[in-house]
Amino acid sequence: MTTVDVSGATPASDGRGLAGRPLALSPSRAADFKQCPLLYRYRAIDRFAETPTTAQTRGTVVHAALEHLFGMPASLRTRESAELLVEGAWAAMCEERPELAEIIGAADDTKFIADAHKLIATYYTMENPTAFEADAVEEHIEITSGGIRMRGFIDRVDVAPTGEVRVVDYKTGRAPGAAFEAKALFQMKFYALAILRTRGVVPHRLQLMYLSDGQQLVYTPDRDELERFERTLTAIWSAIQAAVATGDFRPQRSRLCSMCEHKARCPEFGGVIPPYPGPPAGSPPAPSPATDPGAA
């Protein structure tokens, strides 16, 4: 899930965000580092502000509505209730961060809500939320596993009467093509590993629900696969630790650069990298060559 920061924190005068918690690995930050280490630095360490897109803002609203939906009694989880929750979530976001309304524009506010309602309508063609109870919604994960500090939020966890665990993630875009499924499943394997380490069970089903086109991506992991995945995360985390310790975050050009807001700070586009602010408080030391899983 991609969310809009509505914390209300005021950036520092140099444009950096306020100091946050110690660094941890999340699916989004892991993807950032793999895409471009400099992008990771700007988002995780400098915390430069970014302008959320209309699609990201709408996604945050729909996720909030579905989260609150499962806080209601089952009999009240109707489509009409969900649509009202969409409107309430958007009103609350605008009250907290009035500038978010500028992303949409006053003239497009009605269309914005209508488009969010369409996503809710598609959700109701995919499952009936009045027929079951969620075990957890927006479950916060913050653990250390295999030397990795892991952090994230799982949209929904369901537990069947027979004990099987299902991990569900809502996506407000369209289902990816086959070539991009592995990237989509990276996030779900991350959460599956977190469930394994916190609950001691391998999820029976990882389910991505694409609300724009009503498609689903379903996957069944096994323990050996998740333990191999943990070793992949360990290698990424070790590389991040080394970069954090040295301040060496290399830019990596790709077609995704066209959507990046940090070109003015990127040497690939003639920009200048600002001085490195140093490792955040509580950052672990870089691994020594003897313990670095990438060392041979």
Side-chain angles (χ1 to χ4, degrees), residues 1-8 26-32 35 39 43 49-71 77 79 81-105 108-127 129 134 136-141 151-157 167-177 180-181 183-188 190-191 206-217 256 259-261:
M1 137 188 195
T2 302
T3 59
V4 178
D5 181 4
V6 293
S7 64
S26 69
S28 296
R29 296 293 79 81
D32 288 343
Q35 176 187 327
L39 175 64
R43 285 179 168 171
E50 295 182 359
T51 304
T53 65
T54 298
Q56 288 170 336
T57 306
R58 183 167 50 244
T60 301
V61 168
V62 170
H63 274 84
L66 292 175
E67 175 189 356
H68 294 309
L69 186 71
F70 281 94
R77 294 179 205 145
R79 175 177 163 183
S81 294
E83 290 177 349
L84 289 173
L85 289 170
V86 162
E87 295 164 20
W90 176 232
M93 285 177 62
C94 289
E95 182 176 356
E96 182 77 18
R97 292 275 300 277
E99 66 272 22
L100 289 176
E102 298 177 8
I103 299 169
I104 309 306
D108 292 329
D109 186 75
T110 300
K111 182 179 185 302
F112 177 83
I113 294 296
D115 288 344
H117 283 173
K118 288 179 183 177
L119 297 173
I120 291 294
T122 302
Y123 167 75
Y124 275 84
T125 68
M126 301 174 75
E127 67 179 9
V137 292
E138 282 297 301
E139 180 170 10
H140 179 223
I141 297 294
R151 182 184 294 149
F153 286 89
I154 303 177
D155 285 350
R156 201 178 81 218
V157 180
V167 177
V168 177
D169 193 76
Y170 311 117
K171 298 295 185 185
T172 49
R174 294 181 175 277
F180 296 94
E181 285 186 0
K183 184 176 180 180
L185 284 173
F186 182 94
Q187 175 186 12
M188 299 305 284
F190 185 100
Y191 293 145
L206 308 179
Q207 183 172 334
L208 285 154
M209 303 178 69
Y210 292 91
L211 305 185
S212 184
D213 58 9
Q215 300 298 308
Q216 300 193 62
L217 178 57
L256 296 174
M259 298 179 286
C260 183
E261 292 190 47

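Between Thr57 and Trp90, the closest heavy-atom pair is CG2-CZ3, 3.5 Å. Ala65 and Leu85 make their closest contact through O-CD1, 3.5 Å (heavy atoms, listed as atom of the first residue, atom of the second, distance). Scanning all heavy atoms of the two residues, the minimum distance from Thr51 to Gln56 falls at O-OE1, 4.4 Å. Residue Met188 comes nearest to Val167 through the heavy atom pair CE-O, 3.5 Å, listed as atom of the first residue, atom of the second, then distance.
To the nearest 0.5 Å, the span separating CG on Asp155 from CD on Gln187 amounts to 7.5 Å. Interatomic distance, Asp213 CG to Lys171 NZ, rounded to the nearest 0.5 Å: 13.5 Å. Note that CG of Leu69 is 11.0 Å distant from CD of Glu83, once rounded to the nearest 0.5 Å. To the nearest 0.5 angstrom, Met259 atom CE is 10.0 Å from Thr53 atom OG1. In this structure, the separation between OH on Tyr123 and NE2 on His117 is 15.5 Å, given to the nearest 0.5 Å. The distance from atom CD of Gln216 to atom CD of Gln207, rounded to the nearest 0.5 Å, is 4.5 Å.
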Legend entry - side-chain contact (heavy atoms from CB on, under 4.5 Å) between Thr172 and Arg58, worked out: CA-CA 8 Å; Thr172 49; Arg58 183 167 50 244; over 6 Å; no
Inset, instruction - May I have the step-by-step check of side-chain contact (heavy atoms from CB on, under 4.5 Å) for Tyr170 and Leu119, ending in yes or no? - result: CA-CA 10 Å; Tyr170 311 117; Leu119 297 173; over 6 Å; no
Inset, instruction - Show your reasoning for whether side-chain contact (heavy atoms from CB on, under 4.5 Å) applies to Arg174 and Gln215. - result: CA-CA 8 Å; Arg174 294 181 175 277; Gln215 300 298 308; over 6 Å; no
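With a 4.5 Å cut-off on side-chain heavy atoms, Arg29 and Arg151 do not count as touching. Counting only heavy atoms from C-beta outward, the side chains of Phe153 and Ser26 never approach each other to under 4.5 Å. Looking only at side-chain heavy atoms (C-beta outward), Ile141 and Phe190 stay at 4.5 Å or farther from each other. Within the 4.5 Å cutoff, the side chain of Tyr210 has no heavy atoms near those of the Thr122 side chain. Between Ile120 and Leu66, some side-chain heavy-atom pair lies under the 4.5 Å cut-off. The shortest distance between side-chain heavy atoms of Val157 and Tyr191 does not fall below 4.5 Å.
Within 6.0 Å of atom CD in Glu181, more than 12 heavy atoms from other residues, nucleotides or ligands are found, so the atom counts as buried in its surroundings.
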